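Read through the structure below, which is laid out as structure tokens, and then see the notes.
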Number of protein chains: 2
Amino acid sequence: MFCIYNLGYYEILRFSELKKNIDGISGRMLTVTLKKLEEHGIVKRKVYSEAPPKVEYALTDFGFALSNKLIDISSWFVDNYKVLK
Amino acid sequence: MFCIYNLGYYEILRFSELKKNIDGISGRMLTVTLKKLEEHGIVKRKVYSEAPPKVEYALTDFGFALSNKLIDISSWFVDNYKVLK
DNA sequence: CTGTATCCGGCTGGATACTG
DNA sequence: CAGTATCCAGCCGGATACAG
């Protein structure tokens, strides 16, 4: 979720940037999450053959569409959700 | 999620009916889930003082709105999601 | 029937050390 | 820097027994 939001906003991010933006996530989880998102055709992965290594992540078209859907529902949520008391 | 879908479709369901509809859920989880949904103003709970006890669950207005949002996004998803291969 | 309380096994995911 | 591999603590949630 946070990966999708971040990439929806910044368009392109490196692994370490994502890790910094997503508070508290471990490198391990970020790796497996990005791998899943890639498998599901939501993010694209671009590797630069350099030293030090550099990998950029971005949303696919489908990922962008999904991102908008999620932004829709979450902004609707913050507008309409009231805690009972 | 399944609770919301079920109640969105059937409008009113008893505890045991929900449990039957939601495949594999345990009584314990259904209880805690419904309690959370109630706390968050998504479902209403109506208790009939009878023997045997009878409790009906239904969505609140907010719950219905949420239900529609979820149905929207999930149907969009099945329309647009393609597995890569 | 609709829960509540307790136990407990499995999975999730953080921490750490290591590689290219 | 961007991962991979391993370990392991904590939590989640199923099963069970019990209560009202």
Side-chain angles (χ1 to χ4, degrees), chain A residues 1-60 63-64 66-67 70 74 77 83-85, chain B residues 1-60 63-64 66-67 70 74 77 83-85:
Chain A
M1 289 283 308
F2 290 115
C3 291
I4 296 174
Y5 284 142
N6 263 278
L7 289 172
Y9 187 73
Y10 292 104
E11 311 233 329
I12 295 181
L13 286 175
R14 304 184 53 177
F15 185 87
S16 50
E17 295 170 331
L18 270 171
K19 181 152 168 33
K20 191 161 27 169
N21 289 352
I22 302 173
D23 186 48
I25 197 172
S26 65
R28 183 183 165 285
M29 268 318 290
L30 185 54
T31 302
V32 311
T33 302
L34 287 170
K35 197 171 292 184
K36 265 184 208 161
L37 291 174
E38 198 189 354
E39 280 170 14
H40 293 137
I42 293 168
V43 308
K44 289 177 289 197
R45 187 165 177 276
K46 184 164 188 185
V47 185
Y48 295 83
S49 299
E50 306 173 358
K54 174 177 169 186
V55 181
E56 289 179 344
Y57 293 91
L59 294 178
T60 60
F64 263 112
L66 179 58
S67 163
L70 294 177
S74 69
F77 205 86
V83 192
L84 311 180
K85 192 58 67 64
Chain B
M1 288 283 305
F2 290 115
C3 289
I4 295 174
Y5 284 142
N6 263 278
L7 289 172
Y9 187 74
Y10 292 104
E11 312 233 329
I12 296 181
L13 286 176
R14 304 185 54 178
F15 184 87
S16 50
E17 294 170 330
L18 270 170
K19 182 152 170 29
K20 191 161 26 172
N21 288 351
I22 302 172
D23 186 49
I25 196 172
S26 66
R28 183 185 165 284
M29 270 317 291
L30 185 54
T31 302
V32 312
T33 302
L34 288 169
K35 198 172 289 182
K36 268 185 205 158
L37 291 174
E38 197 189 354
E39 280 169 13
H40 293 133
I42 293 168
V43 307
K44 291 176 287 196
R45 186 165 176 276
K46 184 164 188 185
V47 185
Y48 295 83
S49 300
E50 307 171 353
K54 174 179 169 184
V55 180
E56 288 179 345
Y57 293 91
L59 294 178
T60 60
F64 262 112
L66 179 57
S67 163
L70 295 177
S74 69
F77 204 87
V83 192
L84 312 180
K85 191 61 67 61

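Given the structure is predicted, the values throughout are model-derived calculations rather than measurements. Just so it is clear: chains get the letters A, B, ... in the order the sequence lines come, proteins before strands, and each one is counted from 1. Scope of the values below: all heavy atoms of this structure, side chains included, with no hydrogens, waters or symmetry mates.
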>> Please list, in numerical order, the residues of residues 8-23 of chain B that have a heavy atom closer than 4.0 Å to any atom of DNA chain D.
In response: none
Main-chain N/O of [Y] paired with [X] side-chain donor or acceptor, under 3.5 Å:
X: Thr60(A); Y: Ile42(A); value: yes
X: Lys19(B); Y: Ile25(B); value: yes
X: Ser67(B); Y: Gly63(B); value: no

> Do Tyr10(A) and Asn21(A) have side chains that get closer than 4.5 Å, going by heavy atoms?
Replying inline: yes
>> Can you confirm whether Val55(B) sits close enough to Arg45(B) that some side-chain heavy atom of one is under 4.5 Å from a side-chain heavy atom of the other?
In response: yes
> Could you give the distance from CG (Leu66(A)) to NE2 (His40(A)), rounded to the nearest 0.5 Å?
Replying inline: 11.5 Å
>> Holding to side chain to side chain donor-acceptor pair (under 3.5 Å), I want the full list of residues that pass it with Arg28(A), two or more places apart in sequence or in another chain.
In response: none
> On DNA chain D, which is the earliest and which the latest nucleotide, 5' to 3', with an atom closer than 4.0 Å to a heavy atom of chain B?
Replying inline: dG13(D) to dG20(D)
> Is atom CZ of Phe77(A) surrounded by more than 12 heavy atoms (other residues, nucleotides or ligands) closer than 6.0 Å?
Replying inline: yes
> How would you list, by chain and number, every residue that makes a side-chain contact (heavy atoms from CB on, under 4.5 Å) with Val32(A), sequence neighbours excluded?
Replying inline: Met29(A)
> When you check every protein heavy atom under 4.0 Å of nucleotides 5-19 of chain C, what one-letter string (B, S, -) results, 5' to 3'?
Replying inline: -B------BBB----
> Between residues 51-60 of chain A and DNA chain C, which residues have a heavy-atom gap below 4.0 Å?
Replying inline: Pro53(A)
